[in-house]
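Okay, structure first, notes after.
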2 protein chains.
Amino acid sequence: MNKKTDLRIVRTKQSIRKAFYELIQEKGYEAITIQDIADRAMINRNTFYLHYQNKPDLLDICMNELLSELKDAVVLCPISMNPFSISMLETVMQAVLEHISLNITFYHSMLIEENRIYQFQAKMETIVKDKLIEGWNPAQGNSTLAISKELLLEYLGSSFMGIVIWWIKNNKPLPADEVSYQFSRIVAYGHLRAAGIAVEDEKK
Amino acid sequence: MNKKTDLRIVRTKQSIRKAFYELIQEKGYEAITIQDIADRAMINRNTFYLHYQNKPDLLDICMNELLSELKDAVVLCPISMNPFSISMLETVMQAVLEHISLNITFYHSMLIEENRIYQFQAKMETIVKDKLIEGWNPAQGNSTLAISKELLLEYLGSSFMGIVIWWIKNNKPLPADEVSYQFSRIVAYGHLRAAGIAVEDEKK
DNA sequence: TAAATAATGAACAATATGTTGTTTATTTAT
DNA sequence: ATAAATAAACAACATATTGTTCATTATTTA
């Protein structure tokens with residue numbers, strides 16, 4: 001029962017994906033029609049419906065395909081028992097940036113400019129957050145913390161994604177390891193100290 | 001030449017806006033049709049086109065109306081000459097959260113869940129960033145900074161917005177001043193120190 | 001070579017958009 | 001109070017897109 005998938009299916013699906021990614025970059029997800037995709041992929045419009053339910057369905061499948069790879073890359077990073085530790089932040093950031101580098105066009109389509117697809121960003125952020133709380137021990141912190149754990153996690157997730165998007169949008173202005181280092185440093189030691197600026201007195 | 005606007009126009013526009021905000025919350029921006037708006041506002045579909053070009057036009061006008069108020073609130077915050085100073089971060093955050101509190105339904109429609117409108121978040125982030133760099137003196141930092149200024153700004157903007165959205169989404173889990181204090185503290189002193197956790201050694 | 005199945009092409013109903021007239025109702029100015 | 005101006009309603013239209021159905025053609029697998 002080792003049934004190979006028909007080559008026609010593979011070929012058609014591939015050209016649909018390719019056309020879709022191109023069109024997202026050119027005119028943005030919302031503006032794309034099925035006919036656009038069919039034209040670009042050089043298939044009949046009906047054939048599209050043979051493989052995908054509709055446009056959101058296609059989007060979802062494409063996103064999950066990309067993000068499962070990202071997740072694999074992130075999962076490999078060693079867990080630190082020190083919650084939200086510096087080294088872990090740095091390692092995860094670097095893993096993410098390196099993975100993105102390998103699929104830069106895709107990520108560009110999904111995350112940059114008007115044409116960005118918000119859903120994708122949200123899914124990425126979830127992956128990052130899940131990783132960050134992996135080593136978190138609830139008994140350890142909650143009682144003594146002056147800072148809300150949820151607030152902290154949200155803060156880490158959103159700043160992480162902000163840096164990632166900035167990095168892609170500006171065409172990798174710094175090497176991945178440099179960004180990872182600076183980011184983890186700012187987050188851990190504070191932006192003033194990290195930037196070498198005298199810190200104000202904390203309340204008189 | 002003190003020409004008052006026709007009362008009919010005011011009334012019609014008002015009910016269109018109201019209907020629009022309600023519908024965004026109910027089914028999300030993309031799913032709304034002009035007919036939906038017309039039905040809800042109890043006007044003829046044609047009348048819509050008498051006042052707005054199309055759906056994106058309406059959205060844009062609504063967003064700018066809200067955000068100009070936000071901008072006014074933020075502009076009032078005192079500028080600190082210490083770039084990205086703690087007190088300024090805290091003040092701006094508080095101003096933003098208080099303004100949002102007064103228009104919580106609108107902001108909820110725009111920023112939360114599937115129905116969120118990404119454009120709106122981007123515009124808000126721009127307002128915040130513009131404020132943060134207001135007191136920035138380019139001669140002061142750039143040369144000596146170990147941290148990229150652009151990276152730092154992006155970091156501040158995205159984490160700021162992350163906290164704001166988290167706060168709205170979770171139905172104001174903390175009072176505005178508490179959030180502002182915690183946020184500025186984390187950003188300034190680093191998340192580990194702010195959370196009262198021993199800081200790892202910075203490189204051996 | 002035959003059976004299975006992917007892809008095509010044409011047609012269809014349903015829905016939404018944006019526009020153009022004409023008519024009715026309301027407001028503003030005389 | 002009445003007339004002129006104009007907002008709103010109503011109907012009709014061309015256009016575009018979606019998702020589906022069905023018969024036909026082409027390609028692949030057995």
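Distance from the side chain of B:T33 is smallest for C:dA16 among the nucleotides D:dG19, C:dA16, C:dT19. For B:T12, the side-chain atoms get nearest to D:dA8 when compared with the rest of C:dT17, C:dT8, D:dA8. Here the nucleotide nearest the side chain of A:H51, chosen from D:dA9, D:dT28, C:dA7, is C:dA7.
Judged by distance alone with a 3.5 Å cut-off, no donor-acceptor contact links the side chain of B:R8 to the base of C:dT27.
Considering all non-hydrogen atoms of both residues, B:M88 and B:K131 come closest at CE-O, 3.0 Å.
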Tabulate protein N/O versus nucleotide N/O from nucleotides 9-12 of chain C, keeping only pairs under 3.5 Å, one per line.
from   : atom 1 : to    : atom 2 : distance (Å)
C:dG9  : O6     : A:N46 : ND2    : 2.4
C:dA10 : N6     : A:N46 : ND2    : 2.9

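B:N171 CG to B:H108 NE2: the interatomic distance, rounded to the nearest 0.5 Å, is 6.5 Å.
With salt bridges taken as basic N to acidic carboxylate O contacts below 4.0 Å, one links B:K123 and B:D60.
The closest side-chain heavy-atom distance from A:I165 to B:E154 is not below 4.5 Å.
In this structure, A:I9 reaches the sugar-phosphate backbone alone: every heavy-atom distance under 4.0 Å involves primed, P, OP1 or OP2 atoms, never a base.
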*Evaluate side chain to side chain donor-acceptor pair (under 3.5 Å) for B:T33 paired with B:D36, printing each intermediate quantity in order.*
CA-CA 5 Å; B:T33 69; B:D36 287 336; 3.2 Å; yes
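In this structure, B:I32 and A:T47 both approach DNA chain C, and ranking their closest nucleotides by distance from the 5' end singles out A:T47.
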